[in-house]
**Q** 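Sending over a structure as structure tokens; questions will come in a sec.
As the structure is a prediction and not an experimental result, all values here were calculated from the model. Just so it is clear: chains get the letters A, B, ... in the order the sequence lines come, proteins before strands, and each one is counted from 1.
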Protein chains: 2
Amino acid sequence: MNSSDEKRPSGCPIAFGLDVFGDRWTLLIIREMMFGEKKTYGEFLAADEAISTNILANRLKLLESEGIVDKRRDPQNFRSFLYELTPKGYDLAPVMLAIIDWSGKHDKRPDRLTAMVERVKNDRDGLVKQIQQRREDAAKRSSN
Amino acid sequence: MNSSDEKRPSGCPIAFGLDVFGDRWTLLIIREMMFGEKKTYGEFLAADEAISTNILANRLKLLESEGIVDKRRDPQNFRSFLYELTPKGYDLAPVMLAIIDWSGKHDKRPDRLTAMVERVKNDRDGLVKQIQQRREDAAKRSSN
DNA sequence: GCAGTCAACTTGCGTTTTGCAAGTTGACCT
DNA sequence: AGGTCAACTTGCAAAACGCAAGTTGACTGC
């Protein structure tokens, strides 16, 4: 799938976004890359929520075809691949932060002050700057 | 489903949010209420993207059980119901705006400057204030 | 240079979710 | 009382998902 194979040709920007990342897993994979600094297929598989391997492969392929994720060989370990966000992928940071804010406010289960919520509360600017920096690094990478 | 029937007990705020609205339709229904001022089942059905009736009924039920949507009889037309966002629902506005921003930036198809993208670009503050006002109205409604 | 391991997938298959169409229920209207 | 309208509900075929097992290509050690 890419943007020209539209599932919903409505022209609405919400629908456009949902066509790309409106499912249960895509944003969790992006989370691993954006906040968790995870980069390999195996690391994504090992993440907390236990995505199944065929779904992971499918989503990574879609994200790559959308230009949200970049895949390359790991120079240090040539049998492994590195998946990294492109600038377009890092541009999803505000969406991620908004979701974290909403969940931090409305998750009423006990003991749910997670590290991520805390970090956004205590040092949002630092986090945003860090992501901004990585976005620039990604931009340089792709211009080489 | 509600928050205590967790699909993914990871404690991650992204996963928490996705458990609530991480599918193809939920945020589109919320969009109708937040920006389109649509309130009835029939109006949601008639929206651009043509959600099917069983999915719509299911999602409205879930949103109600999550406390994101409030359902009541239409005082003017007693055979109809009004679905309206609760304050918790209006708190999703930053998520919606972030998605609109991202799509406005990255939807490369021609002729895709939609009304919503334009409005957010040209009068974001006015839009935010309007939603804030409606959120307060909703808060008053529920305290009665 | 062959045997084993590791990382990244792919395939098969049963279960769940979705999507379309048609049917039901409860107001309201005449 | 007969018809319409709004809001669902039900049935069933198609698609997506989730688990487990198998395959492929790169490195590693003997």
**Q** Less than 4.0 angstrom from a charged side-chain N to a carboxylate O is my criterion; do A/Arg31 and A/Glu49 meet it?
**A**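 A salt bridge links A/Arg31 with A/Glu49.
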
**Q** If you find the nucleotide of DNA chain D closest to A/Ala50 and the one closest to A/Ser80, which residue's nucleotide is nearer the 5' end?
**A**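 The residue closer to the strand's 5' end, by nearest nucleotide, is A/Ala50.
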
**Q** Could you tell me the separation between the CG atom of A/Leu28 and the P atom of D/dC17, rounded to a whole number of Å?
**A**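 From A/Leu28 CG to D/dC17 P: 13 Å.
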
**Q** Could you state the CG-C1' distance from B/Asp23 to C/dG19, rounded to the nearest angstrom?
**A**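 Taking CG of B/Asp23 and C1' of C/dG19, I get 14 Å after rounding.
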
**Q** When the distance from CG of A/Asn58 to P of C/dA8 is rounded to whole Å, what number comes out?
**A**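 So the two atoms are 17 Å apart, to the nearest Å.
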
**Q** Do the charged groups of A/Lys121 and A/Asp101 touch, with an N to O distance under 4.0 Å?
**A**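 A salt bridge is absent here (no side-chain N lies under 4.0 Å from a carboxylate O).
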
**Q** For A/Tyr41 and A/Thr53, test the side chains for any donor-to-acceptor distance below 3.5 angstrom and give the result as yes or no.
**A**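 Side-chain D/A pair, A/Tyr41 to A/Thr53: present.
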
**Q** Of the nucleotides C/dC6, C/dT10, D/dC8, which one has an atom closest to the side chain of A/Arg79?
**A**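 For the A/Arg79 side chain, the nearest candidate turns out to be C/dC6.
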
**Q** The side chain of A/Arg59 is closest to which nucleotide in this list: D/dG18, C/dC9, D/dC17?
**A**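 It is D/dC17.
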
**Q** Under 4.0 Å, heavy atom to any atom of DNA chain D: which of residues 35-42 of chain B qualify?
**A**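 DNA chain D contact set from residues 35-42 of chain B: B/Thr40, B/Tyr41, B/Gly42.
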
**Q** Roughly, in whole Å, what's the span from CG in A/Leu82 to P in C/dC9?
**A**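 Distance, rounded to whole Å: 12 Å.
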
**Q** Please state how far atom CG in A/Asn77 lies from atom C1' in D/dT28, giving the value in whole angstrom units.
**A**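 Atom CG in A/Asn77 sits about 12 Å away from atom C1' in D/dT28.
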
**Q** What's the closest nucleotide to the side chain of A/Ile55 if the choices are C/dG19, D/dA6, D/dG18?
**A**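 Comparing C/dG19, D/dA6, D/dG18 against the side chain of A/Ile55, the answer is D/dG18.
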
**Q** OP1 or OP2 of C/dC9 sitting under 4.0 Å from any side-chain N/O of A/Lys71?
**A**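 Answer yes for this pair, as a side-chain N or O of A/Lys71 is under 4.0 Å from OP1 or OP2.
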
**Q** Whole-Å distance between C/dG26 C1' and B/Arg73 CZ?
**A**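 Computing the B/Arg73:CZ to C/dG26:C1' distance gives 8 Å.
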
**Q** Applying the side chain to side chain contact (heavy atoms under 4.5 Å, CB included) test to B/Glu84, which of B/Glu37, B/Lys71, B/Arg141, B/Arg134 qualifies?
**A**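 So, applying the side chain to side chain contact (heavy atoms under 4.5 Å, CB included) to B/Glu84 and each of B/Glu37, B/Lys71, B/Arg141, B/Arg134, only B/Arg141 qualifies.
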
**Q** Between D/dT9, C/dC9, D/dC19, which nucleotide has the shortest distance from any of its atoms to the side chain of B/Lys61?
**A**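 In terms of side-chain proximity for B/Lys61, the closest of D/dT9, C/dC9, D/dC19 is D/dT9.
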
**Q** Taking CD from A/Glu49 and P from D/dC17, how many angstroms apart are they, rounded to a whole number?
**A**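 Taking CD of A/Glu49 and P of D/dC17, I get 16 Å after rounding.
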
**Q** For B/Arg119, what residues pass the side-chain hydrogen bond (donor to acceptor under 3.5 Å, both in side chains) criterion, not counting sequence neighbours?
**A**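 Once residues adjacent in sequence are excluded, the partners of B/Arg119 under the side-chain hydrogen bond (donor to acceptor under 3.5 Å, both in side chains) criterion are B/Gln130.
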
**Q** Taking the six-membered ring for Trp, are B/Trp102 and A/Phe21 parallel (under 30°), tilted (30 to 60°) or perpendicular (over 60°)?
**A**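 The rings of B/Trp102 and A/Phe21 stand perpendicular, inter-plane angle above 60°.
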
**Q** Under a 4.0 Å threshold between the charged nitrogen and the carboxylate oxygen, would B/Glu32 count as salt-bridged to B/Lys38?
**A**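 Counted as a salt bridge, because a side-chain N and a carboxylate O are separated by less than 4.0 Å.
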
**Q** Looking at B/Trp25, I'd like to know whether one of its side-chain N or O atoms comes within less than 4.0 Å of OP1 or OP2 on C/dG19.
**A**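 Result: yes.
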
**Q** Tell me: CG of A/Asn54 to P of C/dG12, nearest whole Å?
**A**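 That distance rounds to 13 Å.
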
